[in-house]
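Contents: one structure, followed by commentary.
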Amino acid sequence: MALSTADLTKTYGDEEAVSGVSLDLQQGEFFALIGPSGCGKTTVLRILAGLTAPDEGVVRLDGEPVTDQPPRARDTNLVFQDLVLFPHMTVAENVAYGLKRAGVSTSDRERRVDDALSLVDLAGFGDRDPEALSGGQQQRVALARALVNEPAVLLLDEPLASLDRSLRDEMQAEFRRIQRQSDTTFLYVTHDQESAMSMADRLAVMRDGSIVDVGRPERLYERPRTAFTATFLGDAALVDGEVQSDGGETVRVETPAGTVTSPVDGATPARGETVTLAVRPEAVTVGDGPLSSEVIDRAYKGFYEEATIELDDGSRLTIREADGPATRDEMEAVPTDGGSSERRFRVGETVAFDVERAVLVDRDDGPAATGGADVDG
Amino acid sequence: MSTADDDAGAGPPAGVSRLVRDGVVASGPIGLAVLLGIVPIVVLFVESLGPGLGLGNYAEATRPLYRGVLSYSLRMGIAVTAVCLTVSYPVTYWLAHRCPARYRLPTLVALTLPLWLNYVVLNYAWVWVLARGGVLNELLVGVGAVAGPLDLLYTDLSVFVGFVYIYLPYVVLVMYVSMERLDYRLLEAARDLGATNTRVFLDVVLPRTLPGAAAATLIVYARIAGAYATPEILGGPGEVMIASLVTAAFREYINFGFGAALSFVFLSIVVAGLLLGAAFPRVREELARQ
Amino acid sequence: MSSVRPRRWLRRGAGRFPAVVVVATLMFLYVPVIVVAYLSLSPTGQPTIPLESLSLRWYGEVAADRRFVRALLTSFGIAAVAAPGGTVLGLAGAYAVTRSALSGRIKGVIATVIALPLFVPTVVLAFGIGLTGNYLDVGYGYGPVVLGHLFWVLPFTTFLLSARYAEIDEQLSAAAMDLGADTRTAFLTVTLPLLRPALAASLLFAFALSFNEFLITFFLAGSGVTTVPLEIFGKVRVGATAFLNAASVLVLLVSAAAAGVGSALREPA
């Protein structure tokens, strides 16, 4: 276990920022800790880095408890959210800073700084001023400055938050490559579920100071355990329904969106019990099905179009249909005079649909909160 | 950053040892400020009650003669501050919102450089301007504006001008800080809604900068009222200001008790003004900014 | 249409009014100084405008005047102690009121006590300090004067440095510690280098403040110590002379140079 924590708790005033967080990171994995702003993920990261002391709980690095050690004594390094490169030092001096503190000899230091800069694709940039670099290059310097120390775990605090989308996508791929190449354990904290799912080997979903679910991205996306996870990781509608079957591997639920079969995943719902199902837009077929509802809103999303339909009990479902050419035949049928393609959905129309898959989720904690102040920074 | 992250930089080894270390670091400047700031005021207060813990010194210091000195000093302070503020408004408005960006810093430096020059020398310069044979009289007589040279030097007027000269840069600096924080879009919004220049000034500029002006006033009028060099250099034999009395009590008469009582009456008025200002949150904010 | 033109003219006039005041203010501030500088070049003892010819005679006289040169050396000597001393104390004060672990309330009290010379009339403080010195029987002279100057420059250095301190990202120290630095190393390798321009500015401003300080010195100097402001003040009361003009220009140049370099160092930061 590269890093493990047990029952970390931190209270600020009356507010419990972190309550009972336990994590286990395998050597060499890319682990993402995700959650909405203010869920306490940055505080967890700072506890791991040694910049904040927990009220309770233990942090272990490679099995050794380090809870009371100052940051300098820990085999972790942090890539800060706003990078905090030393403005009065060159790129090479920034990267060499940790090695200097560790007393690495000058020749070793130069070699390792060069290696680290090559690893992040910045060979030859050593003499530059960090402020003269682009945003993406600064990211790479921050990464090199931390990685060069060969930490047991590299902690990353939403370092891509300030970049624009295309640069962010590029840097995500880079992070992945550098992580594999350096064989370093990464703990990546973010509120951006998309980047977390595309980069991480495993994710932990955090909410209100606690971890609500841990697993591989595919598992969390396809079979979320809670309504919060389902709605936070991608789009999902929550539908309540009544259980129609007893026991077995799957459960049949009668819902306003029809009768849906879902795997039970260890839960034991009884016949007649009211349960909640999460329905992903892509699990709904449109235009053909036993049910129909009215479209109350639509939105053009580029290669697909999205519509919100209202079910009989007033709950809402998001449905999608690919826009533009879906098949070769259709592609050839598209007029070439530049006229825009026809809209798929119209507000007020009634569409037929069928729910193909749904996942039984724990409703206790409700849907993911959106918006609000960006408390986590 | 959230409040939850306010302990940035404070590692686990924080706690008592860090507090002790920081206390030791702070003790140097605090020690100096207490020894030369707090202790002398306490000594002054004790002295003002002596000998024999009475109010005799205060009775002496508040005789009509000295009340007049105090009142003249305070009126001089307020009048000079008012003129400085009147000039500072258009100056800082232009500087903060009208001045081309590349001239802003040089102009601000030019306007505030006198703050760092010697006020004894600066006031002395006015002797050459205001004297009977000085630049101003030569000019006035030369263009025929007056028949003969005027007696400008060693009058209330020359003291007044000397004070404006010394304190105008200070008021400009304080008002500039206030004016710079004034969001220019507010002025544009008011104009867009049909306000005239006058209305823009009365409805937007003045309310937004008044706390800064109040803070500047509270500090500057007291400095002027307690100034020593300017009336000594440019003043005549007529009106005496409070600092001259205190200085004389210390240096010549050796009448410490009287001087202390006079100082304390003056200090009480200044502190009362500051407390009054601090009662308004926005003025307090501005005072803290000084 | 005819009614629009004068109004537009008026509006433009009103728009220019502030710029006119700025020019007038700059003239008000600099004409007297220029007059003295011009008159300091007089070849005679009682200059009149216009001067018949220009001469550096009085600068020579000032340089040869033992009293003035001694006063100049005294002022430089006091400022040479007060400026670095005040800057070091100001750095401690700035740390105490910004970064330290002390509580917010205590920081507020410290800032207020340090700011005392800005709020309390100088003559009251100077009198109080003189009186205290009298009671403690420390007498007059260099010791009390230097201490008074340190006290006088402390609020300026403290608040100049704390403003810069507040601008430095606190996370930089955290980053240094994450990379293995202890508190002291983090301060020496990160915070101090970033404070350097502000420290240099503080040094120069404190020098100018100490060099110009008059009233506190007036109360504490006694007969043994004469600084430049005291020397000039004494002479001014006797009468305006060409000698005094040249001495004044020299004093203005010294303080303007210190303050000018100081602001150049502070602004781009």
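Letters A, B, ... mirror the listed sequences (proteins, then strands); counts begin at 1.
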Proximal component of C:Leu215, with respect to chain B [non-hydrogen, under 4.5 Å]: both

Could you go step by step and tell me if C:Phe207 and C:Val254 meet the side chain to side chain contact (heavy atoms under 4.5 Å, CB included) rule? CA-CA 10 Å; C:Phe207 182 91; C:Val254 169; 4.1 Å; yes

Name the region of B:Thr92, side chain, backbone, both or neither, that has any atom closer than 4.5 Å to a heavy atom of chain C. neither

Interface check, chain C: of B:Ile242, B:Val271, B:Leu262, B:Thr247, most non-hydrogen pairs under 4.5 Å belong to B:Thr247

Heavy-atom proximity to chain B below 4.5 Å, by part of C:Leu131: both

Taking every heavy-atom pair that is under 4.5 Å apart, which of C:Ala96, C:Ala208, C:Gly130, C:Ala111 has the most such pairs with chain B? C:Gly130

Need one label for C:Leu244: side chain, backbone, both or neither, based on atoms under 4.5 Å from any heavy atom in chain B. both

List in chain and number order the residues that pass salt bridge (charged side-chain N to carboxylate O under 4.0 Å, His left out) with C:Arg99, two or more places apart in sequence or in another chain; answer none if no residue qualifies. C:Glu170

Step through the shown structure and confirm whether more than 12 heavy atoms of other residues, nucleotides or ligands are within 6.0 Å of CZ on C:Arg237. yes

Tell me, side chain or backbone of C:Phe219 under 4.5 Å from chain B's heavy atoms, or both, or neither? both

Contact part of C:Thr122 toward chain B, heavy-atom cut-off under 4.5 Å: side chain, backbone, both or neither? neither

For the rings on C:Phe28 and B:Trp126, is their centre-to-centre separation under 6.0 Å? yes

Specify which of C:Ile232, C:Leu125, C:Leu252 makes the most heavy-atom pairs with chain B at under 4.5 Å. C:Leu252

Name the member of B:Tyr228, B:Phe45, B:Phe264 that forms the most heavy-atom pairs with chain C at distances under 4.5 Å. B:Tyr228

Which region of B:Leu117, side chain (C-beta onward) or backbone (N, CA, C, O), has a non-hydrogen atom less than 4.5 Å from a non-hydrogen atom of chain C, or is it both or neither? both

If you count heavy-atom pairs under 4.5 Å between each of B:Gly37, B:Gly134, B:Ala222, B:Gly28 and chain C, which one has the most? B:Gly37

Could you check which of C:Val88, C:Val20, C:Thr25 has the highest count of heavy-atom pairs closer than 4.5 Å to chain B? C:Thr25

Here the gap from C:Gln171 atom CD to C:Met177 atom CE, rounded to the nearest 0.5 Å, amounts to 10.5 Å

Using non-hydrogen atoms and a 4.5 Å limit, figure out which bit of B:Val127 sits close to chain C: side chain, backbone, both or neither. side chain

If we define contacts as heavy-atom pairs under 4.5 Å, which of C:Val22, C:Leu150, C:Leu154, C:Val249 has the most with chain B? C:Val22

Toward chain B, the part of C:Ile110 with a non-hydrogen atom under 4.5 Å: side chain

For B:Leu35, is it the side chain, the backbone, both, or neither that has a heavy atom closer than 4.5 Å to a heavy atom of chain C? side chain

Over all atoms of both residues, closest heavy-atom pair of B:Arg191 and B:Val200: CG-CG2, 3.8 Å

Which residues pass the side-chain contact (heavy atoms from CB on, under 4.5 Å) test with B:Ala261, sequence neighbours left out? B:Ser48, B:Asn57, B:Tyr58, B:Ala61

Okay, B:Ala260 and chain C: the region with an atom under 4.5 Å from a heavy atom over there is both

Relative to chain C, which segment of B:Leu95 carries a heavy atom at a distance below 4.5 Å: side chain, backbone, both, or neither? neither

Pick from C:Tyr95, C:Phe214, C:Phe218, C:Phe233: which one has the most heavy-atom pairs with chain B under 4.5 Å? C:Phe218

Shorter than 4.5 Å, heavy atoms on both sides: which option in C:Val33, C:Leu102, C:Val123 has the most such pairs with chain B? C:Val123

For each of B:Thr196, B:Val129, B:Leu111, tally heavy-atom pairs with chain C at distances under 4.5 Å, and name the one with the top tally. B:Leu111

Less than 4.5 Å apart, side chain to side chain, heavy atoms only: is that true for C:Phe151 and C:Pro117? yes

Taking the side chain as everything from C-beta on, heavy atoms only, tell me whether C:Pro18 gets closer than 4.5 Å to B:Arg98. no

Below 4.5 Å from any heavy atom of chain C, which atoms of B:Val87 appear? Answer side chain, backbone, both or neither. both

Do the non-hydrogen side-chain atoms of B:Cys84 and B:Val164 ever get within less than 4.5 Å of each other? yes

Relative to chain C, which segment of B:Leu274 carries a heavy atom at a distance below 4.5 Å: side chain, backbone, both, or neither? side chain

Beyond-backbone contact of C:Thr191 with C:Leu172, side-chain heavy atoms, under 4.5 angstrom: no

B:Val172 portion near chain C, given a 4.5 angstrom heavy-atom threshold: neither

If one checks every heavy atom of C:Val251 against chain B at 4.5 Å, the contacting part turns out to be side chain

Of all of B:Phe266, B:Trp116, B:Tyr119, which one pairs up most often with chain C through heavy atoms under 4.5 Å apart? B:Trp116

Are B:Val246 and C:Val124 side-chain neighbours, meaning at least one heavy-atom pair lies under 4.5 Å? no

Go through the atoms of B:Val42 and report whether side chain, backbone, both or neither lie under 4.5 Å from a heavy atom of chain C. neither

Please state whether the side chain, the backbone, both or neither of C:Thr158 comes within less than 4.5 Å of a heavy atom of chain B. neither

Would B:Asn118 and C:Ser255 count as having a side-chain donor-acceptor pair, cut-off 3.5 Å? no

Counting only non-hydrogen atoms closer than 4.5 Å, does C:Asn134 touch chain B with its backbone (N, CA, C, O), its side chain (CB onward), both, or neither? side chain

Supply the atom-to-atom distance C:Leu147 CG to C:Ile129 CD1, rounded to the nearest 0.5 angstrom. 8.5 Å

Quick one, B:Tyr170 and B:Leu115 - any side-chain contact, counting heavy atoms below 4.5 Å? yes

So, is the end of the B:Arg223 side chain (NZ or CZ) under 6.0 Å from the ring centre of C:Phe119 and within 45° of the ring's axis? no

Side chain, backbone, both or neither of C:Val35 within contact of chain B (heavy atoms, under 4.5 Å): side chain

Might you confirm whether atom OH of C:Tyr30 has over 12 heavy atoms from other residues, nucleotides or ligands at distances under 6.0 Å? yes

With ring centroids as reference points, do C:Phe127 and B:Phe250 lie under 6.0 angstrom apart? yes

